[in-house]
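A short worksheet on the structure shown next.
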Amino acid sequence: MTDKPSALITGIAGQDGSYLAELLLAKGYRVIGAVRDRQKARAALPVEVADAVELVVWDMLDQRGMTEVLAQYRPQEIYNFAAYSSGAGMYDDPVGVGEVNGMAVARMLEAIRAVDAGMRFCQASSREIFGEAVESPQTESTPVNPRSPYGAAKLYADSMIRIYRQRYGIFACSAILFNHESPRRGLGFVTRKITHEAARIKLGLAKELHLGNLDAQRDWGFAGDFVRAMWLMLQQQHVDDYVLATGQVHSVRELCDLAFSHLGLDYRDHVREDEASYRPAETALLVGDIAKARAGLKWQPEVGFKELVQMMVDEDLRNLSNRT
Ligand code: NDP
């Protein structure tokens, strides 16, 4: 018998999962990664994390399997990061998105209720629940208006969390996450696409980068800061939902400028604005108001935008240089 705190993380091999695992291991937690493929997850995780966590097979569609895993490992905290999280998948498979990003949360809450209603649960929700936001900045009480199957599924999950909180007193909460990035961000996301291609151009492996609207603006933070906030959410006396963001917006153009200039390059020589990949402009600025997280969690982001972009460029350059 051990008195270490314990946590189960779904999606542990993704960006947020790996940062949270590092944070919890440093705090002395027993960390259980619930994954669909143990070998793939082990290979994707940083070696020190892969060696220190326990990986268990977990199916987001299998409530009985979830219940058995919770009964076996008895984690005190559960962080649900597993989800369809990017681009095309958000629209291509609406039923699959509904199952994994939405219904799976109801299954997990039922599993918690069946095994131990004292387990604490944090859900990675998304600013996509606001869709075409009716106000800016967005807060925890901004009216929801999802415009993608992804946003609709996350909203269903948030609704179930509130219901289980009210009806069964379960300590379950949603982190309404704005974009957060890192060197571990997938290559399909614009931030990583830019830092990775800038490094390739620097190394002579590519010449040009084609992007959509360079004046599109986003609220971009660092993933390491965001997982710390989610951990804090489960350490509170009172359960609540929080918007996690930076509260500041930057344009894709600024991102390009920072990334290329960090490598001694001028983005205007390499970046081409491709009208074919323009997305319709948002009616309201997508930016989070973090007043509640600042006051309630005593949290604020520590890594600024410039530092984040430079960290990503440096890591891409290092990895690509090692391969060439
Ligand atoms: P990643 O894409 O890096 O990681 C997602 C994880 O989910 C992966 O480990 C993946 O597993 C797992 N996953 C995907 N589909 C399934 C499935 N069908 N069954 C089981 N596991 C699955 O995402 P992030 O770490 O960036 O995001 C974490 C969470 O935060 C997600 O829920 C995302 O929706 C949410 N979020 C993230 C934002 C961001 O800016 N990063 C913004 C708003 C919300 P595998 O390794 O097997 O592929």
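When a ligand or atom number is given, it counts from 1 through the structure's own listing order. Everything quoted here is computed from the prediction, not taken from an experiment.
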Worked verdict on Asn80 versus Thr10 for side-chain hydrogen bond (donor to acceptor under 3.5 Å, both in side chains):
CA-CA 5 Å; Asn80 182 37; Thr10 72; 2.6 Å; yes
Min over Arg38, His180, Arg36 of heavy-atom distance to atom 38 (C) of ligand 1 lands on His180
Derivation of the side-chain hydrogen bond (donor to acceptor under 3.5 Å, both in side chains) call for Asp316 and Thr195
CA-CA 7 Å; Asp316 275 320; Thr195 62; 2.8 Å; yes
- Task: Measure the distances from the heavy atoms of Tyr150 to every atom of ligand 1 and state whether one is below 4.0 angstrom.
- Result: yes
Of all protein heavy atoms, the one nearest atom 30 (O) of ligand 1 is Ala124 CB, 3.4 Å
Which of Ile194, Val252, Leu214, Ile201 passes side-chain contact (heavy atoms from CB on, under 4.5 Å) with Val271? It is Leu214
The protein heavy atom nearest to atom 9 (O) of ligand 1 is Gly14 N, 3.2 Å
So, regarding Ala83 and ligand 1 (criterion: nitrogen or oxygen to nitrogen or oxygen, under 3.5 Å), is there a contact or not?
yes
* Asked: Heavy atom of Arg185 under 4.0 Å from ligand 1?
  -> yes
Closest to atom 29 (C) of ligand 1 by heavy-atom distance, out of Phe81, Trp58, Tyr79, is Phe81
- 4.0 Å heavy-atom contact, Asn179 with ligand 1: yes
Taking only non-hydrogen atoms of Leu177 and a 4.0 Å limit, the atoms of ligand 1 in range are 30 (O), 36 (N), 42 (C), 43 (C), 44 (C)
message: Closer than 4.0 angstrom, basic N to acidic O: yes or no for Arg127 and Asp219?
response: no
Between Phe130 and Glu135, does the side chain to side chain contact (heavy atoms under 4.5 Å, CB included) criterion hold? Intermediate values first, please.
CA-CA 9 Å; Phe130 302 127; Glu135 64 182 15; over 6 Å; no
Aromatic centroids of Phe222 and Tyr19 separated by under 6.0 Å: yes
shortest atom 1 (P) of ligand 1-to-protein heavy-atom contact is with Ser85 OG, 3.7 Å
task: Answer yes or no for Gly96: is there a heavy-atom contact with ligand 1 below 4.0 Å?
output: no
The answer for which part of Gln15 has a heavy atom under 4.0 Å from ligand 1 is both
At under 4.0 Å between heavy atoms, what of Ala223 touches ligand 1? The answer is neither
Next on the checklist: Can you tell whether the side chains of Glu254 and Lys306 come within less than 4.0 Å, N to carboxylate O?
Outcome noted: no
No-hydrogen, no-angle side-chain donor-acceptor test under 3.5 Å, Ser251 and Asp215 = no
Nearest non-hydrogen protein atom to atom 46 (O) of ligand 1, with distance, is Ala13 CB, 3.8 Å
Exercise for review: Could you verify whether a donor N or O on one side chain and an acceptor N or O on the other, from His180 and Asp16, lie under 3.5 Å apart?
Suggested key: yes
If we number the atoms of ligand 1 from 1 as shown, the ones under 4.0 Å from a heavy atom of Ser125 are 43 (C), 44 (C)
Does the side chain to side chain contact (heavy atoms under 4.5 Å, CB included) test come out yes or no for Asn319 and Glu315, once each step is laid out?
CA-CA 6 Å; Asn319 289 336; Glu315 190 72 13; 3.9 Å; yes
Filtering Ile9, Leu61, Asp16 for the heavy atom nearest atom 25 (O) of ligand 1 leaves Asp16
| With a 4.5 Å heavy-atom cut-off, do Met108 and Gln123 have their side chains touching? | no
Here the atoms of ligand 1 under 4.0 Å from any heavy atom belonging to Met60 are 19 (N), 20 (C)
In this structure, atom 6 (C) of ligand 1 is nearest to the protein heavy atom Gly11 CA, 3.8 Å
Residues pairing under ring-ring contact (aromatic ring centres under 6.0 Å, His included) where one sits in residues 233-264, two or more places apart or in two chains, turn out to be His250-Phe305, Phe260-His270
Salt-bridge present (Glu197, Arg200; N to O < 4.0 Å):
yes
Open item on the list: For Lys154, state whether at least one heavy atom is located under 4.0 Å from any atom of ligand 1.
Closed with: yes
Handout entry: Cationic N near anionic O, under 4.0 Å, Lys27 to Glu77
Key = no
- prompt: Among the heavy atoms of Val100, does any lie under 4.0 Å from an atom of ligand 1?
  reply: yes
Numbered in order shown, the ligand 1 atoms found under 4.0 Å of a heavy atom of Lys40 are 45 (P), 47 (O), 48 (O)
for atom 21 (N) of ligand 1, nearest protein heavy atom and its distance come out as Ala82 CB, 3.5 Å
Honestly, for Arg184 the part within reach of ligand 1 (heavy atoms, under 4.0 Å) is neither
